[in-house]
Student: 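Shown below is the structure under consideration.
Everything quoted here is computed from the prediction, not taken from an experiment.
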Amino acid sequence: IRQPSDDPLGTLDVLSFRRAKAVTMTHAANADVGIRNMKLAENALGGMDEIVKRARVLVTHGANAPTTQDARNAMAAEIRTLRERLVGLANSQDGFGRYLFAGTEVMTKPFEEAGDPPVLTYAGDDGKLLLDVGPGTVMEGNLLVDQQVIAAHAALYDAEQRLLSGDVAGLSGVTLQLLQDAGTAINMLRGEVGHRQKQLESAQQIAQRRTDDFTKAISDKEDADMTQVVTDLSAAQAAYQASLASFAVVGRLSLLDYLR
């Protein structure tokens, strides 16, 4: 099809395919946004998990009676640093400066530590980033982690204070359980992230295949069959050569030849 008049019905099909292809490409792009967010979220959550694991090691050592108070003080200082790192990871951003864990308030820094004792507050919202990734298919492209992060922050602060005070019984009886619960909650989030990422990758693959299908459908409608074109051209060329030959013969005939 070179112009609408060549095939009006075919032209309508092409326009329909082009619209469907554009929508499908948007679905693939939306899925890609979600996949990137899930990968970044997994990196941040993995860092948080390592922080909690390290804190548990320190608390386990600090809960041993033979450990000196100077050693516990050093452990408390390290845990304070771990707590600061936790807040930093909770405020992770993507490549466009948008906060990953702020709900839909992506330009608002979600977590702030303030006060004495320090309290971690959440300034984001509970909004979900809904992504249209296929016909009638909507998936969440962000993750809400405020409760888990605040719980982990509280557990780290508890560990720091009990180490500083030499509360061996509290470290082994309370703090380790708080850290265990915090780690479990974080890893549950990681499992959710992995599940969503697989769903989004599947949706993206489907959208890409549909895009290829629409591209082929458009091509089938718009492009002439090259074999047929070559055949038609050969036939036309032969007819043209025959016409030239006939014209040459006619050109050599005289008026007397016609009169005969």
Side-chain angles (χ1 to χ4, degrees), residues 37-38 40-63 67 69-94 97-129 140-193:
N37 285 351
M38 292 303 107
L40 292 172
E42 165 56 24
N43 288 338
L45 291 171
M48 293 180 194
D49 183 45
E50 291 301 317
I51 286 172
V52 173
K53 286 179 179 177
R54 176 57 182 165
R56 288 176 60 192
V57 170
L58 293 172
V59 167
T60 299
H61 290 323
T67 302
Q69 188 55 43
D70 285 344
R72 291 192 185 95
N73 291 343
M75 294 173 188
E78 182 177 348
I79 285 186
R80 186 180 305 115
T81 300
L82 292 175
R83 197 180 74 232
E84 293 170 353
R85 284 179 52 199
L86 177 78
V87 176
L89 288 170
N91 287 322
S92 294
Q93 296 170 278
D94 64 13
R98 298 175 297 210
Y99 290 97
L100 294 176
F101 304 125
T104 57
E105 297 291 332
V106 295
M107 302 311 296
T108 299
K109 187 176 182 180
F111 294 96
E112 289 284 356
E113 185 185 74
D116 187 15
V119 176
L120 190 64
T121 58
Y122 177 64
D125 62 18
D126 59 355
K128 298 176 181 179
L129 175 62
E140 294 180 26
N142 65 340
L143 194 69
L144 301 176
V145 303
D146 50 298
Q147 295 180 6
Q148 293 83 351
V149 168
I150 289 173
H153 180 273
L156 291 171
Y157 181 72
D158 181 86
E160 177 188 344
Q161 294 305 301
R162 292 186 191 277
L163 284 168
L164 289 173
S165 65
D167 183 2
V168 174
L171 287 169
S172 59
V174 178
T175 307
L176 279 176
Q177 187 60 53
L178 290 174
L179 291 170
Q180 175 69 40
D181 293 343
T184 299
I186 289 171
N187 280 312
M188 287 182 66
L189 287 174
R190 295 180 72 186
E192 183 177 347
V193 165

Student: Side chains of R98 and Q93, heavy atoms from C-beta outward: is any pair under 4.5 Å?
Tutor: no
Student: Do Q148 and M188 have side chains that get closer than 4.5 Å, going by heavy atoms?
Tutor: no
Student: Can you list every pair that meets salt bridge (Lys or Arg N to Asp or Glu O under 4.0 Å) and has a residue in residues 120-129, with sequence neighbours left out?
Tutor: K128-E140
Student: Nearest 0.5 Å, what's the CD-OG distance between E160 and S165?
Tutor: 10.5 Å
Student: Is the side chain of N91 donor-acceptor paired with the backbone N or O of K109 at a distance under 3.5 Å, no angle test?
Tutor: no
Student: Sequence neighbours excluded, which residues qualify as ring-ring contact (aromatic ring centres under 6.0 Å, His included) partners of F101?
Tutor: none
Student: Taking the side chain as every heavy atom from C-beta outward, state whether V168 and R72 have any atom pair closer than 4.5 Å.
Tutor: yes
Student: With sequence neighbours left out, write down each residue that passes side-chain hydrogen bond (donor to acceptor under 3.5 Å, both in side chains) with D146, or none if nothing qualifies.
Tutor: none
Student: If the test is side-chain contact (heavy atoms from CB on, under 4.5 Å), which one of L120, L89, L144 qualifies with V149?
Tutor: L120
Student: Got a sec, which residues hit ring-ring contact (aromatic ring centres under 6.0 Å, His included) with Y122, two or more places apart in sequence or on another chain?
Tutor: F111
Student: To the nearest 0.5 Å, how far apart are OG1 in T104 and CG in L129?
Tutor: 8.5 Å
Student: Please list, chain by chain and in numerical order, all residues satisfying side chain to side chain contact (heavy atoms under 4.5 Å, CB included) with V193, sequence neighbours excluded.
Tutor: M38, A41, E42, L45, L143
Student: Is there any salt bridge (Lys or Arg N to Asp or Glu O under 4.0 Å) pair reaching into residues 168-178, and which pairs are they, with sequence neighbours excluded?
Tutor: none
Student: How far apart are the closest heavy atoms of I186 and A152, and which atoms are they?
Tutor: CD1-CB, 4.4 Å
Student: Any non-hydrogen side-chain atom of M48 less than 4.5 Å from a side-chain atom of L189?
Tutor: no
Student: For residues 53-60, which side-chain donor-acceptor pairs fall under 3.5 Å, sequence neighbours excluded?
Tutor:
from: K53; atom 1: NZ; to: D49; atom 2: OD2; distance (Å): 3.4
from: R54; atom 1: NE; to: E78; atom 2: OE2; distance (Å): 2.7
from: R54; atom 1: NH2; to: E78; atom 2: OE1; distance (Å): 3.3
from: R54; atom 1: NH2; to: E78; atom 2: OE2; distance (Å): 3.3
from: R56; atom 1: NH1; to: Q180; atom 2: OE1; distance (Å): 3.3
from: R56; atom 1: NH2; to: Q180; atom 2: OE1; distance (Å): 2.9
from: T60; atom 1: OG1; to: R56; atom 2: O; distance (Å): 2.8

Student: Would you say the side-chain atoms of T67 pair up with the backbone N or O of G62, donor to acceptor, closer than 3.5 Å?
Tutor: no
Student: What residue pairs, at least two apart or across chains, pass salt bridge (Lys or Arg N to Asp or Glu O under 4.0 Å) with a residue in residues 168-187?
Tutor: none
Student: Within this structure, what is the CG-OG1 distance for the pair L86 and T81, rounded to the nearest 0.5 Å?
Tutor: 12.5 Å
Student: For E192, which residues count as a side-chain hydrogen bond (donor to acceptor under 3.5 Å, both in side chains) partner, sequence neighbours excluded?
Tutor: R196
Student: With rounding to the nearest 0.5 Å, note down the distance linking CD1 in I79 to CG in L179.
Tutor: 7.0 Å
Student: Once side chain to side chain contact (heavy atoms under 4.5 Å, CB included) is applied, do any residues pair with N43, and if so which ones, sequence neighbours excluded?
Tutor: none
Student: What residues, two or more places apart in sequence or in another chain, satisfy side chain to side chain contact (heavy atoms under 4.5 Å, CB included) together with Q161?
Tutor: Y157, L164
Student: With a 4.5 Å cut-off on side-chain heavy atoms, are L156 and I51 touching?
Tutor: yes
Student: Please list, chain by chain and in numerical order, all residues satisfying side chain to side chain contact (heavy atoms under 4.5 Å, CB included) with L100, sequence neighbours excluded.
Tutor: N37, L40, S92, D94
Student: Rounded to the nearest 0.5 Å, what separates atom CG in L163 from atom CE in M75?
Tutor: 7.0 Å
